[in-house]
Structures are given as structure tokens and as C-alpha cells.
Amino acid sequence: MLKKTCIFAVATLLVGTAAGSSMAAGRDYISIVGSSTVYPFATTVAEQFGKTSKFKTPKIESTGSGGGMKLFCAGVGVDTPDITNASRRIKKSEFESCQKNGVKDIVEIKVGYDGIVVANAKSAPQLKLTRKELFLALAKQVPDPQGGEQLVANPYKTWKEVNSELPDTAIEVLGPPPTSGTRDAFVELVMEKGCSEYGFIKSLKKSDKSEFKAVCHTVREDGAYIEAGENDNLIVQKLEANPASLGIFGFSFLDQNTDKIQGSLVEGEAPTFENIADGKYPVSRPLYFYVKKAHVGVIPGMEEYLAEFTADRAWGEDGYLAEKGLIPAPAEERKSFAEAAKELAPLNM
Amino acid sequence: MKTENTSTMQVVNSGLAKRYAKEKRFRMLGIGAVVISLLFLVILFSSIVGNGYTAFRQSVIVLDIHFDKQILDVSNLRSANYAKLVKDAMSGLFPDVTGRSDKRMLHRLVSSGAAFQLQKMIIKDPSLIGRTVEVRVPADDEVDMFIKGYIPRNVPESERRISDQQMAWIDRLVDSDRLERRFNTTFFTAGDSREPELSGIKGAVTGSFFTLLVTLVLSFPIGVAAAVYLEEFAPVNRWTDFVEVNINNLAAVPSIVFGLLGLAVFLNFFGFPRSAPLVGGMVLTLMTLPTIIIASRASLKSVPPSIREAALGIGASKLQTITHHVLPLAMPGMMTGTIIGMAQALGETAPLLMIGMVAFIVDIPGGITDPATVLPVQIYLWADSPERAFVERTSAAIMILLAFLILMNGTAVLLRRKFERRW
């Protein structure tokens, strides 16, 4: 009985002190949320920052771009995050919701670029694809192969049917689910571009925007496209096990597994570090992070963290982030964003 | 009468072989089921151990570090250029390497953590300045992967992350006994890191410990008190039936729902800090409570009524009967239920996602309000990392988690064997 009373006492004490301390004190570490694509880069900077400065290592949650924006825009104060990472630009609606909740000044920093690759196992031949072919292979509805301006349910079963120069293997593509930022970017950069090559679909964009989106953005659901979850390592393993399949994922996973998998050429360009940095490889997207200006000076270490991230030893061409697979932005772009980080120039939309 | 009797025996005898065969078949099926499940277990374990055992050894490079007085002096111990000390030592081993890009390639063989290791050494013992010491610094994760055979030699240079030149350097280091494999203590003493060779599970294990502590401290007393009241004091009516149905329902609710509840109530309403073991423990308490209540009630029920009646008969009050006689007898069963509930909580990630415990946290938490993560979350985060060296670390972390689970469940079995009484 005595033991139990003791436990009760400890419990109340613990909860009491914890509640008290958390309410009263501020936060002495930076809290970061957002995209899982930026996560490997942000964590690397955070770790470096924690080791080389007198500040604590920032805490980074991988919530996805959208989830991060929601938390970021919830308001100002120590219980909201200071920085959110995003694998796409902030949306107008998100910016407005930020404004509405009192998050007035937001600083936008473009980190660099990320390539999205279509890859297969080394044991299979390297493919040369175009965005149009990818659209034809993966869309739910495609223009009638017989000709004419009507859409039919995707009839293509093998790559050879899409283009006679491609191998005679069944279309099987492993890719991210709709919740993923990589999927959004793939749909926008590949599918939409591919379907815009059909004049009658392109004209839809002006006349009926939602119909255009439905045609271009909808991925087939008959088993040719397999949603493989957010774990890109798993896709790499599956590609190795099944050389006939293709996978869609971020460049850093290709970079780390060059002995197992190869990236397909898209529009004649191989997904190499140089080609993505030059903008030759067509499927790449910018990565961003957004800073809450009101927290700078309140949360210790904010300015120093920004300085670390925007230093050339981090995001430069030979920086440690390039080692992790980040494609650096061109020098002038880096310079202007480093300036913005220093002066905390707020974003206007 | 007699004929009838024989006919019954005949019927029994004629069907006997068939009945025995039936029993035999049933037994075989049962054994088959056990064998199949054991087989899956063996496959699971062997794949995890096969992937993960190499993570417990780590390649280190033995360097003769000269703590140069030119670079270090008492005033700049924290900010001195320790990386240069490492680079100088490496260049000393390979005097023939010249040229900027070659040197960069060479220096890449050593982990970026080496500089911080030297910094720690100097701060601990400044008398090292000016001396030359043999130091074992971690090799880069790719060197480690190469040594362990995960990066093949016999493929074209462009297809591996170690160049031909680096391969030659590594071979030279191995030949001159400068590169050795040692027990990976970093794995047990460090927090998370983006560099696989510097990452460890201590942060996650500490986080799990604090989280489970909060869970235990909250759920055990509440669970036992609820069980005692419901079993011993509560009248049997619609109201208690309703409570019972709800407790059983709670046990079947998907754990992510508790996470959502935690987010709405503990974070948004009470304003507890995000990512803290305190909130994690509270959420897991909600999840384990039904398990503990149900197990505790079952073990209270198994105490025979004669014990209660005897105690009451010699004049003990109801409370005395329960605290002096029923509870001690039911305690082993309650403990077993609690341990199983805790083991369940240890392996949980879904509810923690909602309250921000799925995060990159380097510093090892020092209390229940510090940001922390837990073991299964660490496994999830590593499994999602592109670096090849995290594959073995993921499996190694799974092995640690399994070891804890086996330990906890083993304790539960032991407790039951040792203290449980049967009537």
C-alpha cells in the first residue's frame, strides 16, 4: 500500500513539475518541421550547427511540406515551429492562412534543387524515355491510339506498345503515393508536360481547367503503377529483385545506389549531378525553407542557423550538402538568397 | 441384451481407427501450424541478424595526430581548426598525394566526426598540445561499407561510391595496419546523426526509457485502481456494464487515434511541449490502460472467493480484505499484464507521429520535457535514409529493440511462473 502511495506521489510530482516548467520557460532550441525531401539536408546542417556552435541542435520533424506549412502558419509563439521546409513553393492559400494567424513576415530561402529520377535495375537495359511516353504509360486516360480526339482508358500493357523502340516488357512502375511531394512534382513536371503535347488536351487548359487537371494528373489504377509508400529504399530493393520494373524517387537515392540501379534518360538527358545542376535534365524541382521572422532574436541561434545553411561550405558546389545529394542552386541565386537570409527580407505574395 | 451390448462394442471398435486417425491428423495440423510460425520467426530473425550484425563493428583509421602549437593555443580550444590536424595526419601517411582534388578525395576517407573527437580530447586534457598521439578516428561510412564488402570491387568505377584511387589508398591503409575494425561503441553512446558512422541509439533508448517511465507511473496505479473498483466494489448494473464494454472497446481502437487525441487534448488544449516524452507517455498510457485493466481484473477474478470470505469471517473490513489478501495474491497477474502493456507501448510509433516525436534529435534527452524520440521511431527514420550504411544500423537497432521486448516478455513469463498460485 505504501508503495502505491509513493508511486502516486511521484506521478503527481512529475506531472506537476513538467507542466509547470513547460508553461513558464521558453524554448532554447530551434524547432523545424516540413518536407521529407528537405529533411536529409536540413538535418545535416542542424547537426553541423549543433556541433560547431554553442547552441543546441535544432529539432527537425519530417511532416511533409503541407503538414509543415499547417503547423508553421498556426501562429507565433514558442509552441509553434520556427522554420518549415518545403519541396515546393508556399501556396497563396497557405500564405494567406499564415497572415490570418499573425505570421506576418516570412523569409523565403531557396535551398537548391532535387532531381526526380525514373530508374531500373542495372541488370536491365537503360531506357530512353520522353515525358510523352511516360504520360502514355502512366495516365489513367490517354488519347485513343487509333487516332482522333477522344480519350480512352489506358490500353497500353507493355513499353513496346507505347513506343516500338522500347523493350517488350510489361509496364510496371513503383512510385510514391499521392500524399508525397515527390508525386506532386512528378505529376506536374512529367505527366502534365507530356500530356500538353497533345494539342486538344492543351486547349482544355484554357477552356476547362479542372478537366485538364483530371486528364493530366490522374495516374492509372489498373496495377501498372504501384504505390510503394514513402520509403524510397524499399523501391530500390524491389527494383533489384524485379529488373523489369521501374521506380520513381529522388536523386539522392540513385546517387547512393549507383552500383544497383541506373537512371533512365528523360528527353535524352541522363539524371546526373551536372545535368540537374545545369537544368538540362527536365525533371527537377526547387527546394525551399521558410523562416518566421518574429522568432528571430527570440529563439536562440536562429540567425546563426541561417548563416550556417546559406554558407558556401554547406550549400555550395563543394559543400557538404552536395555530398548528401543536394543539387546546388546557381551562384547568383545562392548569393541573393544568402542576402535575404541575412537581412530577413520578408516574402510578398 | 447381450447382442445389443456387442453391437455397441462393434460400433465403437469399427470407428476407433478412424477416430484415432482423426486425432492424429489434428495433432499434425497443430504441429504444422507451430512449425510454420517458427519458420517465419527464424526467417525474420536471420534476415535481421544477417543484415545487422556487421553494424556492431566499425572501421577506424589509426592516425598519428600532432597537436600542433601553431594551430592550438589555450585561447581557442573550442574553435581551433581541428579538421586541419586530421588532414595533416592523413597527408603524412600519403606524402605522394598532391593536388587539390586528390587531397580532397583522400581526406574524405576519414569521417567528419574525427575533428570533433580531437576537440573533445583536447578540452578534456589540454596537456596534449604540442605532442604527437596515436588516435583512432572513425572511417567514413563509405570506407566502412567497402571494408565490410557491401561495395563491390569488381564493377566499373562510375558505379560505386569509392573511386579506384580511394580503393588503392584503403588497401594501403589495411596493409600497414592503419585501418582496423573495432567494436562500435559509438552506436551505444551517441544520439542520432546524419553521418552513419557517428550515429547511435542512446538518444532513442533514453527517450524510450523516459516515455515508458511516464507510461508506467501513470498507467499502473490508474489501471489497478480501476480494476479493483470495478471488480470488488462496483455494483453490477447497466452503468458498470457500459463502462466494461467501453474499456474492451478502447483496447481495440487503432493506436493512431490515441495520437490524434493526444494532439487535440495534451498539446492544443493543455499546451504541453511537442516531441516530449511526457506527452508521449501520456498518450501511450491511454493505449495501455485497457490492457492493464483487463489483465488486472482477470487476475482479481482468479483469486478464489473463499479467501475473501475467510478474511471477512474473522472480522476484516472489505478494504482490509482487498489490500491484505486479494491484492497480494492478484499482484503477479497484474504485473504480467502491465509488462505486456509496456512491451506493446515500447514498440509503438503511430500515436507518437501526431505529437511530434518522429523527429531528428541529436542531443540526448535529459528529462521528460526535453525533445526526444523513441527506438521504433529511430528505426523508421533510419530505414528511410538514403545512405547505404544506415541499412545495417536499422537492423542493428531492430535487434536492440527485440532484445528489450524479449527481456520484458521473459520477465512477464518468469513472474507468472514464480509467483502465480493456482487453486
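None of the values given here were measured: they were computed from a predicted structure. Below, chains carry the letters A, B, ... as their sequence lines are ordered, and counting in each starts from 1.
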For the pair A/Asp79 and B/Arg274, evaluate side-chain contact (heavy atoms from CB on, under 4.5 Å) and give the outcome as yes or no after the intermediate values. CA-CA 7 Å; A/Asp79 50 350; B/Arg274 255 183 102 80; over 6 Å; no
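When every heavy atom of B/Pro386 is checked against every heavy atom of A/Ser252, the shortest pair comes out as CB-O, 4.2 Å. Nearest heavy-atom pair, B/Ser275 versus A/Lys59, reported as atom, atom and distance to 0.1 Å: OG-NZ, 2.7 Å.
For the atom pair A/Lys51 NZ and B/Leu198 CG, the distance stands at 4.5 Å (nearest 0.5 Å). Remark: A/Phe253 CZ to B/Arg388 CZ distance equals 12.0 Å, nearest 0.5 Å.
Counting heavy atoms of neighbouring residues, nucleotides and ligands inside a 6.0 Å radius, atom NZ of A/Lys70 does not exceed 12 of them. Other residues, nucleotides and ligands place no more than 12 heavy atoms under 6.0 Å from the CD atom of A/Glu317. Residue B/Phe116 places its CZ atom among more than 12 non-hydrogen atoms of other residues, nucleotides or ligands, all under 6.0 Å distant.
Residue B/Ser385 touches chain A through its backbone alone, counting heavy-atom pairs closer than 4.5 Å. Using a 4.5 Å cut-off between heavy atoms, A/Pro81 makes no contact with chain B at all. Contacts of B/Leu267 with chain A are absent, with no heavy-atom separation under 4.5 Å from either backbone or side chain. Heavy atoms closer than 4.5 Å to chain B are found nowhere in A/Phe249, neither backbone nor side chain. Using a 4.5 Å cut-off between heavy atoms, A/Thr44 contacts chain B through both its backbone and its side chain. Looking at A/Leu71, only its side chain comes within 4.5 Å of chain B, counting heavy atoms on both sides.
Residues B/Glu195 and A/Gln48 fail the side-chain proximity criterion, which asks for heavy atoms closer than 4.5 Å. At least one side-chain heavy atom of A/Tyr39 sits less than 4.5 Å from a side-chain heavy atom of B/Leu381. Residues A/Asp259 and B/Pro152 form a side-chain contact, since some pair of their non-hydrogen atoms from C-beta on lies under 4.5 Å apart. With a 4.5 Å cut-off on side-chain heavy atoms, B/Ser112 and A/Tyr320 do not count as touching.
Each of A/Val33, A/Thr52, A/Val236, A/Asp318 has some count of heavy-atom pairs under 4.5 Å with chain B, and the biggest count is that of A/Asp318. In terms of heavy-atom pairs under 4.5 Å with chain B, the best-connected choice from A/Asn257, A/Thr43, A/Thr57 is A/Thr43. Interface summary for chain A: among B/Gly113, B/Gly367, B/Pro371, B/Gly281, the most heavy-atom pairs under 4.5 angstrom belong to B/Pro371. Among B/Leu353, B/Asp363, B/Thr373, B/Ile361, the residue with the largest count of heavy-atom pairs under 4.5 Å with chain A is B/Asp363.
The pair B/Arg161-A/Asp255 counts as a salt bridge, with a side-chain nitrogen and a carboxylate oxygen less than 4.0 angstrom apart.
Side-chain N or O atoms of A/Lys324 include one that pairs as donor or acceptor with a backbone N or O of B/Arg194 at under 3.5 Å.
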